[in-house]
Amino acid sequence: MMQNPQILAALQERLDGLNGSPSGYMESLPKVVKRRVNALKNLQVKCAHIEAKFYEEVHELERKYAALYQPLFDKRSDIVKAAYEPTDEECEWKADEEEELTDEMKEKAKLEEEKKDEEKEDPKGIPEFWLTVFKNVDLLSDMLQEHDEPILKHLQDIKVKFSDPGQPMSFTLEFHFEPNDFFTNTVLTKTYKMRSEPDENDPFSFDGPEIMSCTGCTIDWTKGKNVTLKTIKKKQKHKGRGTVRTVTKTVPNDSFFNFFTPPEGKSEGAADEDAEAVLAADFEIGHFIRERIVPRAVLYFTGEAIEDDDDDYDEEGEEADDEV
């Protein structure tokens, strides 16, 4: 799942778009000018260290404001899982399309909606809230398999916990589940440890906090319910006698729940580019859940946030085709 070529290709395409190529002008400069450029580069190193401190303070602000958001997120969770029924006042919402409707049309629409509600069972809370969020977002739906969906119907909340003041920079995603037949855990966690510090050997590569490692958790699967593994049968032929036997093997299976068995962090020495690419993709997903999904979950549930995300991208290809 974390090695999904579509995810990696999308990330790489985004990064490639930022790259340029040197003009060659630097090589043509006189030695005295190159000397001054070196002074600018030393200033840039100092800027990188200031930027690193800036991101550390941003992390502290995120931690501070997370405490202010949390009561609202807790109430959201209570509504989703039917622990709290919102009042009529809390449920009142004027949708854009209702603004121009006449009173007669509004009353007719209200009666039709009430009639539909009477024909249905009264569901508790908001069924399949988080599963719908995942299915609406391409980055997450690419991770989902059909056998994951019955499990994610039991997902009640996703919370973000930041590291304590004075501790190394990190955040933890907590996936809260109601009791289910698939595993005994009530919470599955994924922790990302970061560093906001320029590399002494390559200070200009600093571009904000860098993911250093991520740690998942052990899922206590109920016997026969582990969707991250599958059983296959293979036929083996004896080299000498020519007899054939069938062997049963357990092999890894594509699943969203592989998210909790993350790639290892960066190691010292020669860098493994494939491993770093997988780690970068994993961090991109974790960062997206933290920054976008958790704070704006209801808008991804309704699809409104997806439309906003689409509006962030210009259709450059079509514009280019129109040019003469």
**Request:** For the residue pair Phe177 and Gln156, establish whether any side-chain heavy-atom pair is separated by less than 4.5 Å.
**Result:** no

**Request:** Ignoring hydrogens and angles, tell me if any N or O in the side chain of Asn180 forms a donor-acceptor pair with the backbone of Phe183 under 3.5 Å.
**Result:** yes

**Request:** Quick one: closest heavy-atom pair of His147 and Asp254, and the distance?
**Result:** NE2-O, 2.8 Å

**Sub-4.5 Å side-chain heavy-atom contact between Ile289 and Leu140** = yes

**Request:** Determine, stepwise, if the pair Leu279 / Cys214 fulfils side-chain contact (heavy atoms from CB on, under 4.5 Å).
**Result:** CA-CA 8 Å; Leu279 186 65; Cys214 47; 3.9 Å; yes

**Request:** Verify side-chain contact (heavy atoms from CB on, under 4.5 Å) between Glu56 and Met169, making sure each step is shown before the conclusion.
**Result:** CA-CA 8 Å; Glu56 286 180 1; Met169 190 183 294; 3.9 Å; yes

**Message:** Do Tyr55 and Glu197 pair up side chain to side chain, a donor and an acceptor below 3.5 Å, judged on atom types alone?
**Reply:** no

**Item:** Cluster check Leu188, Leu229: I/L/V/M/F/W/Y, side chain < 4.5 angstrom
**Value:** no

**Asked** Can you find a pair of side-chain heavy atoms, one from Val137 and one from Ile293, that are under 4.5 Å apart?
**Response** yes

**Message:** Whether Asp74 and Lys159 form a salt bridge (side-chain N of Lys/Arg under 4.0 Å from carboxylate O of Asp/Glu) is what I want to check.
**Reply:** yes

**Any Phe175 side-chain heavy atom under 4.5 Å of Phe259 side chain** = yes

**Request:** Find out whether Lys161 and Phe171 are in side-chain contact, i.e. whether some heavy atom of one side chain is under 4.5 Å from a heavy atom of the other.
**Result:** no

**Prompt:** Can you name the nearest heavy-atom pair linking Arg76 to Val294, along with the distance?
**Reply:** NH1-O, 2.7 Å

**Fill in**
Rounded to the nearest 0.5 angstrom, the NE2-CG distance for His154 and Leu131 is 10.5 Å

**Message:** Within the 4.5 Å heavy-atom criterion, are Val227 and Phe257 side-chain neighbours or not?
**Reply:** yes

**Message:** Taking the basic N atoms (NZ, or NE/NH1/NH2) and the acidic carboxylate oxygens, is any pair closer than 4.0 Å for Lys34 and Glu27?
**Reply:** no

**Item:** Check: Tyr300 ring centroid to Phe134 ring centroid under 6.0 Å
**Value:** no

**Request:** With sequence neighbours excluded, tell me which residues meet salt bridge (Lys or Arg N to Asp or Glu O under 4.0 Å) with Glu85.
**Result:** none

**Prompt:** Is any side-chain heavy atom of Thr172 less than 4.5 Å from a side-chain heavy atom of Val160?
**Reply:** no

**Prompt:** Salt bridge or not for Glu178 and Lys81, using N-O below 4.0 Å?
**Reply:** no

**Pro198 to Ala52 - nearest heavy-atom pair and separation** = CD-CB, 3.8 Å

**Message:** Please enumerate all residues that pass side-chain contact (heavy atoms from CB on, under 4.5 Å) together with Phe54, with sequence neighbours excluded.
**Reply:** Val58

**Asked** What distance separates Phe129 CZ from Ile158 CD1, expressed to the nearest 0.5 Å?
**Response** 9.0 Å

**Asked** Can you tell me if Thr222 uses its side chain to pair, donor with acceptor, with the backbone of Asp181 under 3.5 Å?
**Response** yes

**Message:** If we count only N and O atoms by modelled type, under 3.5 Å, do the side chains of Ser255 and Asn253 hold a donor and an acceptor together?
**Reply:** no

**Joint cluster assignment, Leu72 & Tyr65, ILVMFWY side-chain distance < 4.5 Å** = no

**Message:** To the closest 0.5 Å, what do you measure between OG1 (Thr215) and CZ (Phe260)?
**Reply:** 13.0 Å

**Message:** A side-chain contact here means heavy atoms from C-beta on lying under 4.5 Å apart; do Leu152 and Trp130 qualify?
**Reply:** no

**Asked** Would Val133 and Val298 count as a side-chain contact (heavy atoms from CB on, under 4.5 Å) if you check the C-alpha gap in whole Å, the side-chain angles of each, and the deciding distance to 0.1 Å?
**Response** CA-CA 8 Å; Val133 169; Val298 66; over 6 Å; no

**Request:** Starting at CZ of Phe73, measure out to CG of Leu68 and round the result to the nearest 0.5 Å.
**Result:** 10.5 Å

**Asked** Quick one: CG on Leu299 to CD1 on Ile306, what's the gap to the nearest 0.5 Å?
**Response** 10.0 Å

**Message:** Quick check against the 3.5 Å criterion: does Asp78 have a side-chain atom that pairs as donor or acceptor with the backbone of Tyr84?
**Reply:** no

**Request:** Run through His59, Glu60, Arg63 and flag the one making a side-chain hydrogen bond (donor to acceptor under 3.5 Å, both in side chains) with Ser163.
**Result:** His59

**Request:** Report the hydrophobic cluster partners of Leu43, with the cluster defined as I, L, V, M, F, W, Y residues connected by side-chain heavy atoms closer than 4.5 angstrom, directly or transitively.
**Result:** Leu40

**Request:** Using the rule that two of Ile, Leu, Val, Met, Phe, Trp, Tyr join whenever any of their side-chain heavy atoms come within less than 4.5 Å, decide whether Val80 and Val187 are in one cluster.
**Result:** no

**Item:** Salt bridge Glu291-Arg296, side-chain N to carboxylate O under 4.0 Å
**Value:** no

**Asked** Within the side chain of Thr132, is there an N or O that forms a donor-acceptor pair under 3.5 Å with the backbone of Phe301?
**Response** no

**Phe204, CZ: over 12 other non-hydrogen atoms inside 6.0 angstrom** = yes

**Complete:** Nearest heavy-atom approach of Pro123 to Pro127 is CB-CG, 3.7 Å

**Asked** Between Glu174 and His176, does any side-chain donor sit less than 3.5 Å from a side-chain acceptor?
**Response** yes

**Request:** Could you tell me the separation between the CD1 atom of Ile232 and the OG1 atom of Thr248, rounded to the nearest 0.5 Å?
**Result:** 9.0 Å

**Prompt:** Do Val251 and Thr231 pass the side-chain contact (heavy atoms from CB on, under 4.5 Å) test, and can you show the C-alpha distance, the side-chain angles, and the key distance before you say yes or no?
**Reply:** CA-CA 6 Å; Val251 297; Thr231 302; over 6 Å; no

**Asked** Does the side chain of Thr87 pick up a donor-acceptor pair with the side chain of Glu89 at under 3.5 Å?
**Response** no

**Message:** Quick check on the hydrophobic clustering: are Ile50 and Val45 connected, directly or via other members, by side-chain heavy-atom contacts under 4.5 Å?
**Reply:** no

**Prompt:** Are the side chain of Asp157 and the backbone N or O of Ser77 linked by a donor-acceptor pair below 3.5 Å?
**Reply:** no

**Message:** Tell me whether Lys190 is salt-bridged to Asp282, with the criterion being a basic N under 4.0 Å from an acidic carboxylate O.
**Reply:** yes

